[in-house]
Trainee: 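My questions all concern the structure below.
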2 protein chains.
Amino acid sequence: MTSGVSKKAVTVAVDAMGGDYAPQEIVKGAIEGARKEGIEIILVGQENAIRKEVMRYDISGLSIHVRNASEVIQEGESPVAALRRKPDASIAVATQLVKTHEADAVMSMGNTGAVMVSAIKILGKLKGIKSPSAGGLLSGFAPNTVVFDLGPTTDCKPHDLLSLAVMGCIVARKILGISNPTVALLSNGSEEGKGNLLVNKAYQIFKESNLNFIGNVEGNDIPAGKANVVVCDGFMGNILIKFCEGLGDSIIERLKVTFGKHLPNVDFDAVSNDLFALTHVAENGGPICGVDGVVIVGHGRSKAPQVADAIHIAKTVVTSNLVEELKTELGNLQ
Amino acid sequence: MTSGVSKKAVTVAVDAMGGDYAPQEIVKGAIEGARKEGIEIILVGQENAIRKEVMRYDISGLSIHVRNASEVIQEGESPVAALRRKPDASIAVATQLVKTHEADAVMSMGNTGAVMVSAIKILGKLKGIKSPSAGGLLSGFAPNTVVFDLGPTTDCKPHDLLSLAVMGCIVARKILGISNPTVALLSNGSEEGKGNLLVNKAYQIFKESNLNFIGNVEGNDIPAGKANVVVCDGFMGNILIKFCEGLGDSIIERLKVTFGKHLPNVDFDAVSNDLFALTHVAENGGPICGVDGVVIVGHGRSKAPQVADAIHIAKTVVTSNLVEELKTELGNLQ
């Protein structure tokens, strides 16, 4: 008999029907992730369609289960109405598995609003959180900078920005491995006193907190990576991340023309793919912060490699105890 | 004797001391502008320094005057305090020339805050304007899209966004030559109902206005040029324009590495200069909107060609009657 305690494997419930390439690419990526990460997978969705995909792969030695869910929420459906109309939707059933502790995390590349609403309704919000957040990397040029929020937290109060900062710090520590992340407020000038009313009030609260607060940063400081956690409301964050993607697209198009005469296609493709990845980081999955459970949401365009990456993130979030620690830290703010 | 009435030439008061390369590049650019545009120039600042620069050029046939102003406001000085301490500052004296109708416009590449405060204190704000604005192009990828505001209008009310839209339309018409500019609100989703409280309230007001309102646009729609006038507060606009510059810098740096192996320096320099210009459009001068007179402010880094361009803009703003028409349209909003 060995001494150590045998650790139970992490189990991830995967919404097999969510995403532009579901169920094919989701099933493929989930199996890839299960193999790489040594975790259990529960594929949730229309059983026949899922089993047909699973049969394409050699899953011997892996722990892959299927859970039937008869309905699917499409991209573009209104989340609240869709979840009411389709109680047996794959995202709802998958999230329920976290609630009942059959899974440690749920992961979806489907309708982001539906993932968010399922998480709030089924798992509940953490104490002190008005709206869960979906912050993360904004630009690949700053791989050590998360922006909180990129998601649905509009019309924040100064204290909401403090909650965002706390979530950002936990994500920077647990996912990026930064031990004492620097925190800054996004503003229209670096000096204290610059900014709108919200930023000015938050500045005073941040100064008195035990965050590693370095003051205000400006727009150009985000790609430059001047702080590890950049705090703004989700309205700003959402516009910035889409602006970053749009500008990346425009620059790639421009280079296609200006470089057409200089470079062989193969080199240009490499450069174009590199710039696309650096300006479209929302393609990667990330946790929804502020709900009572691990929920990972990724981009609808995700293919198998992105699904496998999201499964890696799910495992990291579960094993690092991110949600429990966030609960404690948010409790300390009260 | 000919019939037509002889038109008085446009006169621009140039703050010869404002900008990183003042007075050398400012004087050089102003003379260049005077020659190209056929206008009168009054160079304002320390007379000896200015005359020394003017002597380097052949100004025969041009109408170049010098007006002494003994003091200079530096970049980084607090505008209000500096203007109080230095009543004979070049920017104050130059702005005064517009007030007394000795000049039709004032132009400066100096401390933007000081230009703004001089304009407000000496020329006054137009009726209905809480804070003057400094909107304009945000990205060279969308040469037919102005973003209002890029400047100091933080903490806007819904009606302030309407004033910004009106200013944006006038600039789009008078400077870009677009006869019936489309107007959109910048938001985190394109559907009506998306956005923060401010955008949602403004949406209703815009719908009932006689603007050519096309609804909400998202961050990626700015470089794509989806609307001619994109409306957001200056806090958002300032962060976006600096983010655009920062991302441009990061991409140029990245290309320097990835292309180093493929391209001769000369080609790379052309590409790099092209991308810099496309992502740093604030380098160009533009009018401050909402003050009772023509005030053109440009970037501190401006050299002679940018100064000459700003003089062209000054002339366009004066001859197109932009301020008078803005006054009328803002009056109609009351």
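Throughout, a chain's letter reflects where its sequence line sits, starting with A, and its residues are numbered from 1.
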Trainee: Measuring heavy-atom distances to chain B, does A:L275 have an atom under 4.5 Å in its side chain, in its backbone, in both, or in neither?
Mentor: side chain
Trainee: Under a 4.5 Å heavy-atom cut-off, does chain B meet the side chain of A:I252, its backbone, both or neither?
Mentor: neither
Trainee: For atom CZ of A:R84, decide whether the heavy atoms of other residues, nucleotides or ligands shown that lie under 6.0 angstrom number more than 12.
Mentor: no
Trainee: Do B:F243 and A:D221 have side chains that approach each other closer than 4.5 Å (heavy atoms only, starting at C-beta)?
Mentor: no
Trainee: If contact means a heavy atom pair closer than 4.5 Å, which residues of residues 226-235 of chain B contact chain A?
Mentor: B:F235
Trainee: Tell me if the NZ atom of A:K201 is crowded by more than 12 foreign heavy atoms within 6.0 Å.
Mentor: no
Trainee: Search all heavy atoms of A:G246 against all heavy atoms of B:P223 and return the closest pair with its distance.
Mentor: C-CG, 3.6 Å
Trainee: With chain A as the partner, which of B:I241, B:L240, B:D249 has the greatest number of non-hydrogen pairs under 4.5 Å?
Mentor: B:L240
Trainee: For a quick test of reading the model, state the closest non-hydrogen atom pair linking A:K242 to B:N188 and the distance between them.
Mentor: NZ-O, 3.2 Å
Trainee: Non-hydrogen atoms of chain B under 4.5 Å away: do they reach the side chain of A:N238, the backbone, both or neither?
Mentor: side chain
Trainee: Using heavy-atom distances under 4.5 Å, tell me whether A:S139 contacts chain B through its side chain, its backbone, both, or neither.
Mentor: side chain
Trainee: Between the main-chain N or O of B:L197 and the side-chain N or O of A:D155, is there a donor-acceptor pair closer than 3.5 Å?
Mentor: yes
Trainee: Above 12 or not: heavy atoms from other molecules or residues under 6.0 Å from NZ of B:K157?
Mentor: no
Trainee: Decide yes or no for A:T154 and B:V199: does some side-chain heavy atom of the first lie under 4.5 Å from some side-chain heavy atom of the second?
Mentor: no
Trainee: If you round to the nearest 0.5 Å, how far is OG1 of B:T258 from CG of A:D267?
Mentor: 10.0 Å
Trainee: Show the numbers, then the answer: is there a side chain to side chain contact (heavy atoms under 4.5 Å, CB included) between A:M236 and B:I239?
Mentor: CA-CA 9 Å; A:M236 172 70 82; B:I239 288 170; 3.4 Å; yes
Trainee: Please identify, among A:G248, A:C244, A:A224, the residue contributing the most non-hydrogen atom pairs under 4.5 Å to chain B.
Mentor: A:C244
Trainee: Between A:L278 and B:R254, is any pair of side-chain heavy atoms under 4.5 Å apart?
Mentor: yes
Trainee: With chain B, which of A:I222, A:L198, A:L186 has the greatest number of heavy-atom pairs at distances under 4.5 Å?
Mentor: A:L186
Trainee: Quick one: do B:I251 and A:T279 satisfy side chain to side chain contact (heavy atoms under 4.5 Å, CB included)? Show the steps, please.
Mentor: CA-CA 9 Å; B:I251 288 175; A:T279 51; 4.2 Å; yes
Trainee: Can you tell me which of B:K194, B:E191, B:E218 forms the most heavy-atom pairs within a distance under 4.5 Å of chain A?
Mentor: B:E218
Trainee: Counting only non-hydrogen atoms closer than 4.5 Å, does A:S187 touch chain B with its backbone (N, CA, C, O), its side chain (CB onward), both, or neither?
Mentor: both
